[in-house]
Amino acid sequence: MSGKIEFSKAGEQTKAIHAGEFPDPVTRASSPNLVMSTTFVTDADSGFSAENMKEDDTWMYTRWGNPTIHQLEEKLAVMEEAEMGVAFDSGMGAISALLFHLLKSGDHAVVTDVAYAALSELTNEVIPGLGISITKVDTSDLNAIEEAIQPNTRLVYIETPCNPLLRLTDITAVAAIAHSAGAKLVVDSTFATPMATKPLTLGADFVIHSLTKYLGGHGDALGGIVLGKKEDLFSLRKKTAIRLGGILSPFNAWLILRGLATFPIRMRAHQENALKIAAYLEKHPRIKRVIYPGLPSHPQYELARRQMKNFSGMLTFQVVNGREMAQKLAEKLQIIHYAVSLGHHRSLIFYMDSKNLQQTSFHLSTSGQLDSWNRFAGEGIFRLSVGLEDADDLIADLEQALL
Ligand SMILES: *Cc1c(COP(=O)(O)O)cnc(C)c1O
């Protein structure tokens, strides 16, 4: 073997397999080493505080950096066209470290009104308690974002497609609004994945992924990552990640690396299955509405086609009397698991009751926000994460349970 692969010219599958990895120089092992050591033997002149850490320092302590985690960070940076990534113990670990890194008392942030529930709850309670003000807006409405901007706005935070509505936000347009106000744009791209959208190439400053979902892909390891420019991310690692300490386990990094090898192939298969199931559900007499970005009936289909190269396996549907149907599906489904989470090889379904979620997580306040919610979710939705089983088997499972 000689020389390095030129990843800027390589395809997605080659990047997913080879980026960040290298044969072990001592053993010549071809697959990545799992290094479970917490500490590394150093020179007597090494500093004790991460404050003096340099980018090319040798390994010191796994909370500062670890060779297995490093390979994962490098691979994902190539896949997202980022200069650097810092991995965390979960998606929420990544999100909270980034928010603590970017915001201080007196600052203001504009945050999507519908998002992953724990992010919504964190920005409803904990963050405002630190003297940071938050305005929640429907980020599919560009005027609403512009109106929410204040002189001290440091950050605009979006999720596209957002969990659980699958409502989209135009990244290029929001980046322009954020930057003209001197604010940074953060995109949680967990639902889109780098197969669909590379937000940094559209103007975002930071991308977040829950690696627990499509990137790991097998439902066996929690993880998260923040990606962006080197100067921002090196500072995030040094000032925030190391001190808050929500660092990924090298074992989980290794599992996620293994999952990533098939990521592009999996995403194509998720999309193929989801399209078949969405088409089946759209014709089903018990189904009121199906939302899937790959269907012409999605309210933002034009934006979906422009911004997404893959529509993934996430879809939602509404039925009459959702609560009752949830009971029935939890009892009768044989292949599809009635469970939270998403992006696994296994299909997962979960019912989200609108009233319930509004109270616990979203607190929507304006009529525009409520109208948008009702347009996408009505009284409640089933969120279906279409897995990699045979589509005919999934359809047969739904058919016998929906009766
Ligand atoms: C799951 C999820 C998260 C949180 O990730 P964890 O790994 O569960 O902490 C954040 N954002 C989105 C969009 C998610 O779906």
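In each ligand, atom 1 is the first atom listed, and ligand 1 is the first ligand listed.
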Identify which one of Thr160, Thr139, Asp141 satisfies the side chain to side chain donor-acceptor pair (under 3.5 Å) criterion when paired with Thr169.
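The passing option is Thr139.
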At what distance is the nearest protein heavy atom to [atom], and which residue and atom is it?
atom	value
atom 9 (O) of ligand 1	Met92 N, 2.8 Å
atom 4 (C) of ligand 1	Tyr116 CE2, 3.4 Å
atom 13 (C) of ligand 1	Asp188 OD2, 3.4 Å
atom 5 (O) of ligand 1	Ser210 OG, 3.0 Å
atom 14 (C) of ligand 1	Lys213 NZ, 3.0 Å

Does ligand 1 have an atom under 4.0 Å from some heavy atom of Gly223?
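The answer is yes, since Gly223 has a heavy atom less than 4.0 Å from ligand 1.
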Evaluate the ring planes of [X] and [Y], with Trp represented by its six-membered ring, and classify them as parallel (under 30°), tilted (30 to 60°) or perpendicular (over 60°).
X	Y	answer
Tyr292	Phe311	perpendicular
Trp254	Phe251	parallel
Tyr214	His270	perpendicular

So which atom in Ala377 and which in Leu165 form the shortest heavy-atom distance, rounded to 0.1 Å?
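The answer is CB-CD2, 3.6 Å.
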Identify the two heavy atoms, one from Ile134 and one from Ile127, that lie closest to each other, and give their separation to 0.1 Å.
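Where Ile134 meets Ile127 most closely, the heavy atoms are CD1-CG2, 3.8 Å.
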Any salt bridge linking Glu55 with Lys238? Criterion: basic side-chain nitrogen under 4.0 Å from a carboxylate oxygen.
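Not counted as a salt bridge, because no side-chain N and carboxylate O are separated by less than 4.0 Å.
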Which atoms of ligand 1 sit under 4.0 Å from any heavy atom of [X]?
X	value
Asn163	15 (O)
Glu159	13 (C)
Ser90	7 (O), 9 (O)

Closest to atom 6 (P) of ligand 1 among Gly224, Gly91, Gly343 (heavy-atom distance):
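Answer by nearest heavy atom: Gly91.
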